[in-house]
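Notes to accompany the following structure.
Residue numbers run from 1 in the order of the sequence given.
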Amino acid sequence: VYITLPLYHATGGLCGLGAALLNGGSAVIKKRFSATHFWADVVAEGCTMFVYIGELCRYLVNQPHDQERTPLKLAFGNGLRPDVWDKMNARFKIDQILEFYGSTEGNVSMFNFDGKPGAVGRIPRYLRKRFNVKLVRFDVETEEPERNVQGLCIECRPGEIGEALGEMGEEPRTAFAGYADKAATEKKVLHDAFSKGDRWFRTGDLMKQDEEGYFYFVDRVGDTYRWKGENVSTGEVSGRLSEIPGVKEVTVYGVEVPGADGKAGMASLVTGPDFDLAVFQARSEASLAPYAQPLFIRLQPEIETTGTFKYRKMDLVHEGFDPAKVTEPLYFKEPGAGYVPVDAAIRAKIVAGEFRL
């Protein structure tokens with residue numbers, strides 16, 4: 001098992017190293033991930049399994065190398081986006097990709113055993129009563145599940161996006177032990193969701209389910225924002241933008257614009273030499289609804305991540321589209337003109353409401 005994730009993280013320490021120890025396998029543990037040395041390491045060490053989080057796979061498909069057929073029989077992990085999944089399959093010809101969903105403290109877990117691209121698992125309709133998972137309609141503005149006139153949660157229909165809940169029980173598989181902070185624990189528990197006295201664990205993840213019962217991760221609660229009366233999923237927008245030529249990395253978030261209703265979309269990009277802003281605009285307009293197209297663009301040499309490769313969005317949100325805080329190239333999609341550089345004068349006009357957004 002090739003492990004490049006930190007061992008304090010459940011995917012690396014439990015799923016990766018644990019799989020090797022429990023099954024009598026061996027593990028190759030790297031101090032850090034390197035897309036440049038990845039395949040050379042895998043071949044030299046004779047690795048047959050790789051434990052991933054989605055961002056690692058995206059780095060790999062963006063990295064040129066001369067050995068397309070690899071010795072890996074299994075890639076196992078979570079967060080692999082559908083567009084990267086297809087590229088992984090086509091390019092590296094790994095025998096099986098096993099995507100899973102779960103969290104260290106949560107009581108919801110699923111596996112995509114049959115390799116449906118983009119899905120995190122499946123619960124067929126005829127087996128739903130045997131699992132503790134439900135998707136419920138979610139209000140993005142209040143960040144709470146919607147309730148009907150009886151005060152109960154509303155279960156999502158196929159195709160609808162909602163928060164994933166896990167019914168809490170006494171068995172280890174369905175229990176929720178909570179955190180050291182009691183207040184934080186209580187925030188994760190939803191009471192009286194479907195009947196008086198029931199308790200459900202709030203995963204904080206927005207998902208959708210198709211007619212066949214496959215679940216698809218959409219976004220984290222708090223990352224989805226509302227603009228022009230529509231909910232915008234940062235995950236879905238990021239997926240579309242990452243397919244545009246020259247875009248190597250992308251993170252999407254909402255920023256406040258004084259006087260505007262909701263939050264405007266902003267994309268921070270790491271780009272290659274073939275990036276063209278006009279092409280980016282044309283492709284984003286062709287693939288995204290008007291309300292989902294980023295109003296602001298920020299170009300960075302790299303996007304800061306955590307130890308588990310999650311983007312640090314809070315600083316980006318705080319800096320927004322203020323050229324006094326952002327030293328990198330910054331653009332605003334001016335109505336009728338396309339993306340133009342943001343300077344103090346442009347920002348002042350935006351803040352003053354001189355543009356019809």
Side-chain angles (χ1 to χ4, degrees), residues 55 58-59 61-62 81 83-84 140 219 223-305 311-357:
E55 287 305 303
R58 185 176 55 76
Y59 293 145
V61 299
N62 287 337
R81 293 202 305 252
D83 58 307
V84 179
V140 172
D219 220 350
D223 283 350
T224 292
Y225 59 91
R226 196 164 179 83
W227 180 245
K228 296 186 177 180
E230 301 285 349
N231 296 337
V232 182
S233 163
T234 60
E236 290 188 347
V237 175
S238 295
R240 298 292 179 86
L241 298 184
S242 66
E243 298 173 353
I244 299 175
V247 176
K248 298 172 65 177
E249 293 185 49
V250 56
T251 184
V252 175
Y253 46 98
V255 293
E256 292 187 0
V257 178
D261 182 23
K263 293 184 177 181
M266 186 165 184
S268 179
L269 309 176
V270 176
T271 60
D274 55 339
F275 177 77
D276 184 286
L277 196 56
V279 172
F280 177 88
Q281 179 178 335
R283 290 285 295 269
S284 63
E285 289 176 348
S287 61
L288 292 168
Y291 62 83
Q293 296 164 18
L295 190 64
F296 300 98
I297 297 294
R298 176 177 178 173
L299 303 183
Q300 294 187 277
E302 62 180 6
I303 303 175
E304 188 178 1
T305 61
Y311 291 124
R312 296 184 184 274
K313 290 188 179 182
M314 293 307 297
D315 290 341
L316 298 175
V317 171
H318 174 71
E319 292 167 355
F321 57 95
D322 187 350
K325 297 178 180 178
V326 178
T327 58
E328 299 97 356
L330 192 62
Y331 297 92
F332 162 64
K333 193 174 184 181
E334 183 178 336
Y339 286 108
V340 298
V342 177
D343 55 19
I346 290 291
R347 184 180 187 278
K349 288 183 177 181
I350 297 171
V351 172
E354 294 186 22
F355 295 107
R356 187 173 180 179
L357 304 180

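- In this structure, Val326 and Phe321 have side chains that are not in contact, with every pair of non-hydrogen atoms separated by 4.5 Å or more.
- Few gaps surround CD on Glu230; more than 12 heavy atoms of other groups in view lie less than 6.0 Å from it.
- The nearest pair of heavy atoms linking Glu243 to Gly239 is CG-O, 3.4 Å.
- In terms of heavy-atom proximity, Leu330 sits nearest to Pro323 at CD2-N, 4.1 Å.
- If you take CD on Glu302 and NZ on Lys248, they are separated by 10.5 Å, rounding to the nearest 0.5 Å.
- Residues Tyr253 and Lys263 have side chains not in contact (no heavy-atom distance under 4.5 Å, counting atoms from C-beta outward).
- Here Gln293 contributes atom CD and Glu285 contributes atom CD; the two are 5.0 Å apart, rounded to the nearest 0.5 Å.
- Remark: of the listed residues Leu277, Thr251, Leu299, Leu299 is the sole one forming a side-chain contact (heavy atoms from CB on, under 4.5 Å) with Leu269.
- Distance alone, capped at 3.5 Å, places no donor-acceptor pair between the Asp219 side chain and the Ser233 backbone.
- Contact check for Leu241 versus Leu288: side-chain heavy atoms found under the 4.5 Å cut-off.
- The shortest side-chain heavy-atom distance between Val140 and Tyr225 does not fall under the 4.5 Å cut-off.
- Put simply, the side chain of Arg283 reaches to within 4.5 Å of the side chain of Pro245, judged on heavy atoms.
- Considering only heavy atoms from C-beta on, Thr271 stays 4.5 Å or farther from Phe280 through its side chain.
- Scanning both residues, Ala264 and Val257, for their nearest heavy atoms gives CB-CG2, 3.8 Å.
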Enumerate donor-acceptor pairs with a distance under 3.5 Å from any side-chain N or O in residues 337-357 to protein atoms, sequence neighbours excluded.
| from | atom 1 | to | atom 2 | distance (Å) |
| --- | --- | --- | --- | --- |
| Tyr339 | OH | Pro294 | O | 2.6 |
| Asp343 | OD1 | Ala345 | N | 3.2 |
| Asp343 | OD1 | Ile346 | N | 2.8 |

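- Within 6.0 Å of CZ in Arg226 there are more than 12 heavy atoms belonging to other residues, nucleotides or ligands.
- The two atoms that bring Val252 and Ala267 nearest to each other are CG2-CB, 4.2 Å, heavy atoms only.
- Annotation for Gln300 and Leu316: closest pair OE1-CD2, 3.7 Å, computed over non-hydrogen atoms.
- Atom-to-atom distance recorded for Glu319:CD and Ser268:OG is 9.5 Å, nearest 0.5 angstrom.
- Taking CD from Glu249 and OG from Ser238, the interatomic distance works out to 11.5 Å, rounded to the nearest 0.5 Å.
- Going from atom CG of Asp223 over to atom OG1 of Thr234 covers 4.5 Å, rounded to the nearest 0.5 Å.
- Residues Ser242 and Arg81 meet the side-chain proximity criterion, which asks for heavy atoms closer than 4.5 Å.
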